[in-house]
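Counting starts at 1 for both ligands and their atoms, following the listed order.
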Amino acid sequence: MTMNYLSTRNKDLRLSASQAIAKGLAPDGGLLTPAVLPRLPASSLETMKEMSYQQRVVYIMNSFLEGFAASELTSYAAEAYGGGKFSHEDIAPVRKLDDGTYCLELWHGPTCAFKDMALQILPHLLTASLDKNDEKKTVCILVATSGDTGKAALEGFRNVDRTRILVFYPKDGVSDIQELQMVTQEGGNVGVSAVLGNFDDAQSGVKKLFADEALAAELAERGYFLSSANSINWGRVLPQIVYYASAYCDMLKSGAISKGQPINVCVPTGNFGNILAANYAKVMGIPINRLICASNQNNVLTDFINTGTYDRNRAFYNTISPSMDILISSNLERMLFELSGRDDKLVREYMSQLAEYGSYRVDSSIRTKLKKEFSAGSCDDVQTKAMIAKMWNEREYLIDPHTAVAFHVLEEYRKETGDDTVTVVVSTASPFKFCSSVLTALGVKEQRAGVDILDQLSETTGIPTPAPLARLKKCRRRFDSVVDKDAMETCVLEMLR
Ligand SMILES: *Cc1c(COP(=O)(O)O)cnc(C)c1O
């Protein structure tokens, strides 16, 4: 077996691709990363240009996944992105706004958020990895969610053989639409429960379950083991590289850019997974110039990129772009690994400072490289809403709050630098997932309750509600469990009887 994944905290560790995906995290707490980043051959963009999205998935992923046959990957890509699961035939379409500005829409999947891009294919990669490692037990994925991830994971794992999935969400921590999306989830292998408390209660409850050895033993007896679908799993980062390559090919094909012409990308960022994938695409040979990192009021990454000091000791804000409300961006560790010239000792040192003091300062060589690759900016809720209104009024383009953060940061970046490189703004959620904030931005003060707000946004804008959200009206509530955080274990044991 080829051993080609290492830990960002220990370069001597070697795992196969299937082990890396099955384990998720290195035993030393580091992130599993390819020992060598493959480079695309010079002709590859011409080749990929003529391919479907599914074919591009196989083309890109194949070079990272030794031990997986192209035929296997072809069938996973077909199951994940084919069969009408995405409402747009391009899967990740690029929309032109003007000659210099394009928008990569990553929300045409079954849950209307960009998490679908990875969570539709991860279950296939994961079950195949378990087979390759001779794991006979059924995997049970446990998720604590503040919204988007839980639904995308449920939909991705729905009815996938030899998997179970159980999602816990905070009773008072998700929107009405998000809750409805989860409690109406279909599939024979899924479970959903609310937890009394906030997101931290749900998350610490799940962490406790993972650490509970007696529970693990009892589940093993029943033929199960627990795993997570966390965004640091390599199986979630890899599928995200594909859409950057795909966007570039689509733009070549449409004549938006010419062969070899560099583009910038501007990414609304939380855990740093999406923009990290853009960096890997660049390393592989996609002509990407600057990576523009957009944050909301939780601007820890903006400060880091601009000053070289990462400091999580600061106020936490609940914003209208909740999927970016984050103070520790876990996937940044992989970026530090690359920027330091793959210095595992240094990464270990920074991460232990982060754990101990909540902050670290990178050395001058990393600061220089960081500035060379990245630009960063942030924006508050008032500016976010203003951008939603501006895009709608000036271009009749309706965007969600996360995407609006990126457009705001791009506008500021262009004002400051005068850089007129063609730029792809990454759009991470359908505006219909955040109806209330979007309507408020458009000046609509009286808003309808529950699912009726979907119709209201649709009537206000003339844009049809995406089918997976429109369907919520007719869906049956399947799950009504609300548990105390101490009762989560009972919940797991009942589901895995
Ligand atoms: C998860 C998420 C993000 C942040 O992506 P990262 O990969 O964590 O940086 C941005 N927007 C939306 C809508 C998301 O769901």
Side-chain angles (χ1 to χ4, degrees), residues 31 92 103-120 122 143-156 169 174-175 177-178 181-182 199 229-244 265-281 291-302 304-305 319-335 374 376 378-379 384 387-388 399-409 425-435 437-438 466 469:
L31 307 196
C103 196
L104 172 59
E105 295 180 345
L106 300 179
W107 42 262
H108 293 280
T111 78
C112 304
F114 107 97
K115 303 287 190 290
D116 288 332
M117 298 305 302
L119 281 166
Q120 277 298 309
L122 175 73
V143 181
T145 185
S146 56
D148 288 346
T149 304
K151 178 61 185 180
L154 284 164
E155 197 55 42
Y169 68 90
V174 301
S175 75
I177 299 281
Q178 285 176 319
Q181 275 190 298
M182 289 188 275
F199 174 61
N230 205 297
S231 82
I232 53 177
N233 190 307
W234 180 252
R236 280 191 60 181
V237 177
L238 177 56
Q240 299 182 358
I241 299 174
V242 178
Y243 50 72
Y244 288 102
V265 297
C266 181
V267 187
T269 298
N271 217 8
F272 212 79
N274 200 348
I275 197 166
L276 175 78
N279 173 73
Y280 286 136
L291 303 157
I292 304 169
C293 176
S295 300
N296 63 24
Q297 203 178 353
N298 296 296
N299 58 357
V300 59
L301 286 167
T302 315
F304 173 63
I305 289 167
T319 73
I320 60 168
S321 44
S323 298
M324 292 150 68
D325 291 345
I326 247 172
L327 291 180
I328 295 193
S329 299
S330 318
N331 264 306
L332 183 62
E333 181 169 343
R334 286 195 173 100
M335 197 65 233
F374 290 87
S378 65
C379 121
T384 306
M387 183 50 79
I388 293 172
I399 55 174
D400 96 289
H402 303 78
T403 309
V405 167
F407 274 105
H408 175 92
V409 168
V425 175
V426 179
S427 179
T428 49
S430 160
F432 284 86
K433 277 201 95 162
F434 300 94
C435 290
S437 302
V438 173
L469 297 178

### Task
Over 60° means perpendicular and under 30° means parallel, so classify the ring planes of F114 and Y243, tilted if in between.
perpendicular
### Results of salt bridge (Lys or Arg N to Asp or Glu O under 4.0 Å) for E333 - residues two or more places apart only
R9
### Query
Who are the ring-ring contact (aromatic ring centres under 6.0 Å, His included) partners of F434, not counting sequence neighbours?
H402
### Task
Ignoring hydrogens and angles, tell me if any N or O in the side chain of N271 forms a donor-acceptor pair with the backbone of S330 under 3.5 Å.
yes
### Message
Measuring only between side-chain heavy atoms, which start at C-beta, is D148 closer than 4.5 Å to Q178?
### Response
yes
### Query
Taking only residues two or more places apart in sequence, or in another chain, which ones meet D400 in a salt bridge (Lys or Arg N to Asp or Glu O under 4.0 Å)?
none
Please tabulate protein-ligand N/O pairs under 3.5 Å for ligand 1, atom names and distances to 0.1 Å.
from: ligand 1; atom 1: 7 (O); to: G273; atom 2: N; distance (Å): 3.2
from: ligand 1; atom 1: 7 (O); to: N274; atom 2: N; distance (Å): 2.9
from: ligand 1; atom 1: 8 (O); to: N271; atom 2: N; distance (Å): 2.7
from: ligand 1; atom 1: 9 (O); to: G270; atom 2: N; distance (Å): 2.8
from: ligand 1; atom 1: 9 (O); to: N271; atom 2: N; distance (Å): 3.2
from: ligand 1; atom 1: 9 (O); to: F272; atom 2: N; distance (Å): 3.1
from: ligand 1; atom 1: 11 (N); to: T428; atom 2: OG1; distance (Å): 2.8
from: ligand 1; atom 1: 15 (O); to: K115; atom 2: NZ; distance (Å): 2.6
from: ligand 1; atom 1: 15 (O); to: D148; atom 2: OD2; distance (Å): 2.9
from: ligand 1; atom 1: 15 (O); to: S323; atom 2: OG; distance (Å): 3.4

